[in-house]
Amino acid sequence: MATQTQVNLAGLTRNEYKGSASTLCQGCGHNSISNQIVAALYELNIVPENVVKFSGIGCSSKSPAYFLNRSFGFNGLHGRMSSLATGGMFGDVTLKAVGVSGDGDTASIGMGGFKHMVRRNVPIVYIVENNGVYGLTKGQFSATAEKGLELKHRGRNAFGPVDICMEALASNATFVARTFAGDPKQVKEILKAAFSHNGIAVIDIISPCVTFHNKEDSFHSYTWGKANESPLHDISYVAPRDEIFIEDYEEGTTQEVTLHDGATVVLKKLEKEYDPCNIYEAFRAIEEAEQNHWLLTGIFYIEPGVPTLFDSYNLVEKPLNRLTEAELRPSKESLDKLTKHFKL
Amino acid sequence: MATQTQVNLAGLTRNEYKGSASTLCQGCGHNSISNQIVAALYELNIVPENVVKFSGIGCSSKSPAYFLNRSFGFNGLHGRMSSLATGGMFGDVTLKAVGVSGDGDTASIGMGGFKHMVRRNVPIVYIVENNGVYGLTKGQFSATAEKGLELKHRGRNAFGPVDICMEALASNATFVARTFAGDPKQVKEILKAAFSHNGIAVIDIISPCVTFHNKEDSFHSYTWGKANESPLHDISYVAPRDEIFIEDYEEGTTQEVTLHDGATVVLKKLEKEYDPCNIYEAFRAIEEAEQNHWLLTGIFYIEPGVPTLFDSYNLVEKPLNRLTEAELRPSKESLDKLTKHFKL
Amino acid sequence: MSQKQPATKEIPQKAGKKIVNDFCMTFSTINGSGSATANSILLRSLFRMGIPVNGKNIFPSNIQGLPTWYSIRLSKKGYLARVEKDDIVVAMNPATIASEMQFMVTGAVLFYADDIKIEGVREDIITYPMPVRKLIKEADVPPNLRDYVANMVYVGIVAHMIGMDMDTVYKTLDYNFKGNKKAVDSNWKIIEAAAKWASENLVKSDPYNVEKMPELKDYIMVDGNTASALGSIYGGLQFTAWYPITPASSLAESAIEYLPQLRNDPETGKATYAVVQAEDELAAIGMAIGAGWAGLRSMTSTSGPGISLMSEYLGLAYFTEVPVVVWNVQRVGPSTGLPTRTAQGDLTQAAFLSHGDTQFVILLPGCASECFEFGWKAFDIAERLQTPVMILTDLDLGMNTHMVKTFKYPNKPMDRGKVLWEEDIQKLVDEGKIWGRYADVDGDGIPYRTLPGNRNTRAAYFARGTGHDEMTRYSEDPAVWEHGMDRLKKKISSHKELYPRPEIQKMDGAKFGIIAYGSTGTAIDEARDLLAARDIPTDYLRVRSIPFNDEVCDFLHAYDRTYVVEMNRDGQMRQLLAMDYSDCGSRMVSVAHTDGMPLSAEWIVNSILKLEEK
Amino acid sequence: MSQKQPATKEIPQKAGKKIVNDFCMTFSTINGSGSATANSILLRSLFRMGIPVNGKNIFPSNIQGLPTWYSIRLSKKGYLARVEKDDIVVAMNPATIASEMQFMVTGAVLFYADDIKIEGVREDIITYPMPVRKLIKEADVPPNLRDYVANMVYVGIVAHMIGMDMDTVYKTLDYNFKGNKKAVDSNWKIIEAAAKWASENLVKSDPYNVEKMPELKDYIMVDGNTASALGSIYGGLQFTAWYPITPASSLAESAIEYLPQLRNDPETGKATYAVVQAEDELAAIGMAIGAGWAGLRSMTSTSGPGISLMSEYLGLAYFTEVPVVVWNVQRVGPSTGLPTRTAQGDLTQAAFLSHGDTQFVILLPGCASECFEFGWKAFDIAERLQTPVMILTDLDLGMNTHMVKTFKYPNKPMDRGKVLWEEDIQKLVDEGKIWGRYADVDGDGIPYRTLPGNRNTRAAYFARGTGHDEMTRYSEDPAVWEHGMDRLKKKISSHKELYPRPEIQKMDGAKFGIIAYGSTGTAIDEARDLLAARDIPTDYLRVRSIPFNDEVCDFLHAYDRTYVVEMNRDGQMRQLLAMDYSDCGSRMVSVAHTDGMPLSAEWIVNSILKLEEK
Ligand SMILES: Cc1ncc(C[n+]2csc(CCOP(=O)(O)OP(=O)(O)O)c2C)c(N)n1
Ligand SMILES: Cc1ncc(C[n+]2csc(CCOP(=O)(O)OP(=O)(O)O)c2C)c(N)n1
Ligand code: SF4
Ligand code: SF4
Ligand SMILES: [Mg+2]
Ligand SMILES: [Mg+2]
């Protein structure tokens, strides 16, 4: 398809990664995340037909309709994306999966399924668009709202927040990151790293609800975010066929983590050296951040090479959903054998 | 009730803390836990009528029928003890609550509710009788079964175990402990500490299923337990009206944590000093134990003085379930006021 | 067309004929633009003028930027159901104006923001442009508020053109902003200016007018969810756990709003209730059942998806005999369906919820006043029978503001049911009797219960969802099981006196019967008058509870055909009636339809006439 | 009484009369004591002797230490339903012997372990003591195995006393231990010794005997859950997610057992399927629906509580049109109820599951062979109609070993339904057509679907549980909604040819009709013969699927009364029939009863006779 517009190595224009027009509020953090998903997959040269999308219910969960129109998607039930995706991915395990959920969808009603999906290391990029409220139902506190927060009509939130990254880590997630919708560059870089990870990649993206949750002093608001964000480290992604960023980084100042597909994530060392392969460090960093009310962003933990859910099944090469009757129905003889068995 | 047999400071015999005859298997770890619950409450001089019991479904969840016949109890639904207890305790918040669940009941189907109950710091002693299998349904792997474990008829478990204590900690539990049903003394001591804690006290008790999960090499078997148990510290409980144990401990070798009701838990210092008030230490200890396949027992973390769920409600003194119509039905006048309001 | 001289046409048939207090106006805006205030000021002003009105909000399932409509029907005769065509449309949204024109009657009026370019204006309607931008600019409001106050422009213009009493409009505005001077003035400035502009620039060439009527003394304006919450509070609500869901959220939120005013201890200011926002519906119902078991007047409120998730738990409550009240503010299902549209599609689900043989008491309020009444009655029924009570309303009834009879203060003391406290147990013990939690000592199928906190050493029992005997001992004995289940059936079916009886309205020489329930009542009333006008008198029974009372049986037997009208696809009420009254099965005719819109009298009449022709 | 000379009494009416291959034996033991092996050896040996047999296990909901019973009925006529009284009782459990005596016929036989002290032995029964401890001691088995092999003692004694062919017993034993010499020998030693002891010490004074019959050629012995799993596997089962629950667990566990043998690629040995043990039922159904959406033949298996939890998700599958098969192995509800007892109490739940207007295809297999047949057919129906199919069996059918006709290999190729792959879409594109996921192009209500992994750039669509148009675009348009829901109704109701038709059996001059379904079939067959013997011929229709086929309607119209027999409290099938055939409502008479025990022919006959008298 020879077009005037620029194409990526997959021969596709950015437009071919787009979705339908968003019906979310203007300025909703979720919209900028959708844009970065488009950018990341375009830059990774991943063909949309090789991606499958899942979501639950909520403003956030609507967003898969707003990117990758050429990918299959299933906008399921509130809090149940985990099971829908786990089963749905068995149809063709060669597909890359991306799931978009909300803090209510994942941390409230979906907590159990989320934890077990992480435990099974289902190879999916699991994005939580975290705004601390139930947006679609008009702004009630969600389980990630910080303690003591007051919102109009809502009073004061009496309970401590669920920390998505802490939960992921406690369930032995193999990729755990947090970023901020207001920082498109970091969002994109983390997304690219996540899509190259073979296993579950949990990304907690603080995504302000401009309509119901944007009080100056709130954790999930832009203003707060901008002011208090303290990037853990600046990531840039180096894909095999992508030289562009190399120059940006001199040897020695970086630390490489080799990902499943041979690509590597390069972490820029900060004053405080951070080792994303050290789980103790990860717990400490997240806990410390919570205690100090920091919005710590970056990749907290990566553990490559852990068998995924599908690795624990010795499946035939051909995608299961392309198997034919010949491959699926045992022979008449086999039944006769069983019949004998049941006669004895 | 003047009896020949010995009575505690509440004037009750041990028998008056007993329950119905157990229908669990002989030698089931759950039975010894029931006995220690009886012992702990007897020694704490807590009157059975001041206790309310909750459970889910499973062999473990049956056990509340086998202690404290004089306490109210509700054996609810599989995985839903958390919500039943949370609502049930509002009836009379002066009651002490004990919940008994299983690993399937809490870590599989009940994960979400469990996490949110912990998050709300509901003041209950939450016991998980953890045997790594679904006992009552004949021994399928539960979510706490260790990775790679093989059981007959069940094949090999492909996933890493859920760590109850880690989950509790991640949800900011204010009391987190692990012990082993084969160590009655420690079980009892930890139970006594838990009953004196005002907030959620999560106790993960490794409780072997003699029938379906007692392979030599398995985490949840007696043999494994006995061999690999490495007590974190030896606890003994000192209640105000209870001198008996004092002599056992010399000053200087102990560290005290003051609990809500003025009672204190005394920790005997080990070679490796352990501070149960340091959450970083708790994460590290649990994570390290998991990585090294240790069965680490003891109180991992205590945070006294955190407001409980009920503290966040400004409830009348009288138990809610004793309020009368006069206190519950607003006046005719108040309705007339509202009527005016709705006319405008 | 020019802004100074609006195009006017002579619409023959209507010429001159004035239409007073009997038309429908629809305001088309974009959601999130804050038109709610403007619409409610018009609605409440008309009500204050003594004119029977109803407002219906047709909104999308998103938060901002999509089309939304608000229809106000005025009816001097007091018909408050939805009508299918508009007499007046106020168009603020360019995207939808074309489709709106299709739903206007001949001779209808179109007010539109004059920056909207409209193609193909219908020849048979009257149009008035509104210089919205201009008027806003002149009023110099801060830019971020422009969209919002823009709506006040149509308030002023429409109010003037249909002849509303501006004084009343001001009072309503003042009330709406709780007397906040600044807000009132800035809005009033716009309204005034708009009205002034209209008087100077628009020539009224349409027949639609309003006129003051006698005060609507015993009526109020309220939405069903607020009424339901208040009814529950006056019923002594002590505990509610909920999880947000449209259209039920505002029920719990109203409880949160009113409880502190009505139910804090006057001396100490402490609460006699607790509200918990649960992590999901499984937890919400679990908490509610826990609290009900512990002796609190406990409830939860949700919609279809929540009820589905509560299925297992409600079976436990039925079987362990725990009182709890469950509100289902119905929306369009199956699945997520149309969360912002109305339906009556969860009826058979409620009747057969949960596995095994179960039976639930179902209440079906027909208006906001009944939401209030059933709100407190439900607790009496639930505690008397020690069983879950489900109350089914719907989005139209729950979220829209309705003109209804004022709430009646409970006319009976609370019935807390058969509860034994310390001294009661002691009395039994002294009499040498033993109390059994599930023993039917009174022969009415209802056992006695005790509550946690009862310190009598004989008071405690161990509740369980597994088989149990009268003493709550675990039992797998076949006879014990069947005995227990038969008692449960007897308990529910032998106390129909507790359930709200149906409301029956008759006409002389009725040709057939009509059965309906819930929010469709207003449409039925109007439809029956329309049929009567065609010499088709009808009798009408409005079901208000299930299990059905005997009046329902008698009614069905009284006609050779009865139309069962409802807002679902499968005719669910018809299904339930056919089950219970199998001998009348062939006399029932289903008139069912659901597309998210409240039923209109017009649709009901046409459907029945079509069937009558057969 | 002496151990050498058993007390024998003359039971007049039975004196001398031999009773051959027509009696019922109940073995009373303690669960966890390993009596299952002993019982199945007796059961299978009798089957090998050509005698029609059925075994029913009545066990408690715990793992060890409570009473458990196993009843074996022999019937030369082939009646395999439960009978209410025992001819022979083998008592190994002191705790229950008294109650067992109450359920023995006059002239019955009681074998009992001689260390049991029995009070008040009935005068009209014959007793044989068994020196269990003595025989075990002599056989010197390791102490930890004593309880276990103790059961082999009654195998030997009973086998001898009723005259079983010991050679067959040995063969069965050998097969049971898969030829493991050591196990076989140690057990056989006991059996032999016990038989020898009996021959030397017991004088047969009872009429019960077995005799070889012609080989039961086209029959097998199998439990319903195994049959269901195998049927699914031969139907091409590709994915199942499950969560343990009695009595359904063994269905998934059988799949886990047989899939590797039957469905691994012969060359590579790799799997063409996946089984996931989910964290709960919400996840199990979610995974199954995800897999069904992705094009796999997908199912889940559970029991009542699981179905309740799956309610919301099944509504999604119905509305988004995802094929999935759901097995409900029914146990006694409501709530946790009696997890180890059987019932048919989840029928109306299945019919009205989930909120909103839904409709599910329900299959009702009547025996293990039908479990196999419906197992593969269900996938064809689900994929053809793109909708969930529910299969209801029960604990008796699912967990007990039944003698049934051998499984028939599928007689039709798989029907994968309307699926479009890359080239199909391309073809449409080339023809200038556009494919719409929910467009009814064929006029049969069934749209075409594509599957993830289809790389054609036009193949993808976005599935959603919210309102959608034919192109899967989000829609709140009333007309679009109603159109879509009407198509769903048409889809299910206009393809009855796909659903298993009812089985009808007639007798000349039938006085009335009988309708039943599922596991009660065997009892009905026997009951009809008993009625016929009293000159009451009957016609019988066994419902095998819902929606009902027209034969059901015709059948109902053919009699002025039809008894609807079922194993629940509320007469759920009767309720569903009254709804669909309201004109026959008054002709249906409910004969419903549930106490955890399978229905007996005796109960059915007596119930119907009582009603006939009226
Ligand atoms: C079972 C169920 N319960 C409740 C709802 C109502 N509901 C829709 S979205 C939502 C919360 C969404 O919050 P979140 O996941 O944080 O997404 P956001 O809108 O904030 O992006 C709820 C409670 C539902 N759709 N289904
Ligand atoms: C909703 C539901 N699903 C499944 C079951 C079946 N079931 C009963 S107990 C149990 C598991 C119990 O395991 P655990 O909680 O570990 O207790 P244990 O028996 O091991 O002590 C299951 C799955 C049920 N009762 N309810
Ligand atoms: S309500 Fe909040 S979360 Fe929802 S779309 Fe608007 S800004 Fe985003
Ligand atoms: S099966 Fe296991 S868990 Fe259950 S009672 Fe027996 S030993 Fe205990
Ligand atoms: Mg949110
Ligand atoms: Mg367990």
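Here is the naming used below: chain letters follow the sequence lines, and residue numbers restart at 1 for every chain.
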Original post:
With chain B, which of Met414(C), Lys171(C), Met403(C), Arg464(C) has the greatest number of heavy-atom pairs at distances under 4.5 Å?
Top reply: Met414(C)
Original post:
Under the 3.5 angstrom rule, does the side chain of Asn321(B) hit a backbone N or O of Ala294(C) as a donor-acceptor pair?
Top reply: yes
Subject >> Structural part of Ala274(C) lying under 4.5 Å from a heavy atom of chain B >> reply: both
Subject >> Closest non-hydrogen atom pair, Ala283(C) against Ser83(B) >> reply: O-CB, 3.4 Å
Original post:
In terms of heavy-atom pairs under 4.5 Å with chain B, which of Asp265(C), Leu316(C), Thr406(C) leads?
Top reply: Leu316(C)
Original post:
Considering only heavy atoms from C-beta outward, does the side chain of Arg44(C) approach that of Leu344(B) to under 4.5 Å?
Top reply: no
**OP:** Go through the atoms of Val316(B) and report whether side chain, backbone, both or neither lie under 4.5 Å from a heavy atom of chain C.
**Re:** both
Original post:
Which atom pair, heavy atoms only, marks the closest approach of Arg120(B) to Met287(C)?
Top reply: NH1-CE, 3.5 Å
Original post:
More than 12 non-hydrogen atoms from neighbouring residues, nucleotides or ligands closer than 6.0 Å to CD on Glu423(C), yes or no?
Top reply: yes
**OP:** Quick one: do Glu279(C) and Arg80(B) satisfy salt bridge (Lys or Arg N to Asp or Glu O under 4.0 Å)? Show the steps, please.
**Re:** CA-CA 12 Å; Glu279(C) 61 269 27; Arg80(B) 313 293 169 205; over 6 Å; no
Original post:
For Asn454(C), is it the side chain, the backbone, both, or neither that has a heavy atom closer than 4.5 Å to a heavy atom of chain B?
Top reply: both
**OP:** Taking the side chain as every heavy atom from C-beta outward, state whether Phe342(B) and Leu230(C) have any atom pair closer than 4.5 Å.
**Re:** yes
Original post:
For Asp218(C), is it the side chain, the backbone, both, or neither that has a heavy atom closer than 4.5 Å to a heavy atom of chain B?
Top reply: backbone
**OP:** Tell me, for Glu422(C) versus chain B, whether the close heavy atoms (under 4.5 Å) come from the side chain, the backbone, both or neither.
**Re:** side chain
Original post:
With a 4.5 angstrom heavy-atom cut-off, which part of Val276(C) approaches chain B: side chain, backbone, both or neither?
Top reply: both
Subject >> Engaged part of Pro48(B) at the chain C interface, taking heavy atoms whose separation is under 4.5 Å >> reply: neither
**OP:** Report yes if some heavy atom in the side chain of Trp293(C) is under 4.5 Å from a heavy atom in the side chain of Phe72(B); otherwise report no.
**Re:** yes
Subject >> Interface moiety of Ser71(B) toward chain C, non-hydrogen atoms closer than 4.5 Å >> reply: backbone
Subject >> Any Leu77(B) side-chain heavy atom under 4.5 Å of Glu312(C) side chain >> reply: yes
**OP:** Would you mind telling me which of Thr268(C), Asp280(C), Leu282(C) has the largest number of heavy-atom pairs within less than 4.5 Å of chain B?
**Re:** Leu282(C)
Subject >> Ser331(B), part contacting chain C, at a heavy-atom distance under 4.5 Å >> reply: backbone
Original post:
Which word best sums up how the rings of Phe90(B) and Phe239(C) line up, parallel for under 30°, tilted for 30 to 60°, or perpendicular for over 60°?
Top reply: tilted
Original post:
Should the pair Glu325(B)-Lys412(C) be classified as a salt bridge under the 4.0 Å nitrogen-to-oxygen rule?
Top reply: no
**OP:** Test Tyr461(C) against Asn69(B) for side-chain contact (heavy atoms from CB on, under 4.5 Å), laying out the working first.
**Re:** CA-CA 8 Å; Tyr461(C) 71 97; Asn69(B) 265 348; over 6 Å; no
Original post:
Given the rule in the salt bridge (Lys or Arg N to Asp or Glu O under 4.0 Å) test, do Asp92(B) and Arg455(C) qualify, once you have shown the distances and angles that lead to the verdict?
Top reply: CA-CA 12 Å; Asp92(B) 182 344; Arg455(C) 300 319 205 256; 3.2 Å; yes
Subject >> Minimum-distance pair of heavy atoms, taken over all atoms of Ile220(C) and Lys343(B) >> reply: CG2-CG, 3.9 Å
Original post:
Is there a side-chain contact (heavy atoms from CB on, under 4.5 Å) between Phe74(B) and Phe462(C) once you walk through the steps?
Top reply: CA-CA 6 Å; Phe74(B) 202 143; Phe462(C) 192 67; over 6 Å; no
**OP:** With the side chain counted from C-beta on, respond yes when Tyr474(C) and Asn75(B) share a heavy-atom pair under 4.5 Å apart, and no when they do not.
**Re:** no
Original post:
Does any heavy atom of chain B fall under 4.5 Å from the side chain of Arg458(C), the backbone, both, or neither of them?
Top reply: neither
Subject >> Contacting moiety of Phe310(B), where chain C heavy atoms sit under 4.5 Å >> reply: neither
Subject >> Residue pair Pro330(B) / Tyr409(C): nearest heavy atoms and the distance that separates them >> reply: O-OH, 2.6 Å
Subject >> Options Ala85(B), Gly112(B), Ala65(B), ranked by heavy-atom pairs under 4.5 Å with chain C, top entry >> reply: Ala65(B)
Original post:
Is it the case that more than 12 heavy atoms not belonging to Lys337(B) sit under 6.0 Å from its NZ atom?
Top reply: no
Original post:
Can you name the closest pair of heavy atoms from Lys408(C) and Leu335(B) and give their distance?
Top reply: C-CD2, 4.1 Å
Original post:
Quick one: of Tyr313(C), Phe407(C), Trp376(C), who has the most non-hydrogen atom pairs under 4.5 Å with chain B?
Top reply: Tyr313(C)
Original post:
Taking the side chain from Arg329(B) and the backbone from Pro410(C), do they hold a donor-acceptor pair closer than 3.5 Å?
Top reply: no
**OP:** Hey, can you tell me if Tyr175(C) and His341(B) have their rings parallel, tilted or perpendicular (30° and 60° cut-offs)?
**Re:** tilted
**OP:** Report yes if the side chains of Tyr273(C) and Leu328(B) come closer than 4.5 Å at any heavy-atom pair, otherwise no.
**Re:** no
**OP:** Nearest 0.5 Å please: distance from the CG atom of Asn314(B) over to the CG atom of Asn264(C).
**Re:** 7.5 Å
**OP:** Count the heavy-atom pairs under 4.5 Å between each of Thr450(C), Thr172(C), Asn176(C), Leu237(C) and chain B, then report the option with the highest count.
**Re:** Thr450(C)
Original post:
Leu338(B) versus Phe372(C): any side-chain heavy-atom pair under 4.5 Å?
Top reply: no
Subject >> Contact class of Thr320(C) relative to chain B, heavy atoms under 4.5 angstrom >> reply: side chain
**OP:** Considering non-hydrogen atoms only, spot the tightest contact between Leu323(B) and Gln238(C) and give its length.
**Re:** CD1-NE2, 4.0 Å
Original post:
So which of Pro413(C), Ala241(C), Gly295(C), Ala278(C) has the biggest tally of heavy-atom pairs under 4.5 Å with chain B?
Top reply: Pro413(C)
Original post:
Hey, does the side chain of Tyr234(C) reach the backbone of Lys332(B) with a donor-acceptor pair shorter than 3.5 angstrom?
Top reply: no
Original post:
When Leu84(B) is tested against each of Ile285(C), Val322(C), Ile289(C) for side-chain contact (heavy atoms from CB on, under 4.5 Å), which residue passes?
Top reply: Ile289(C)
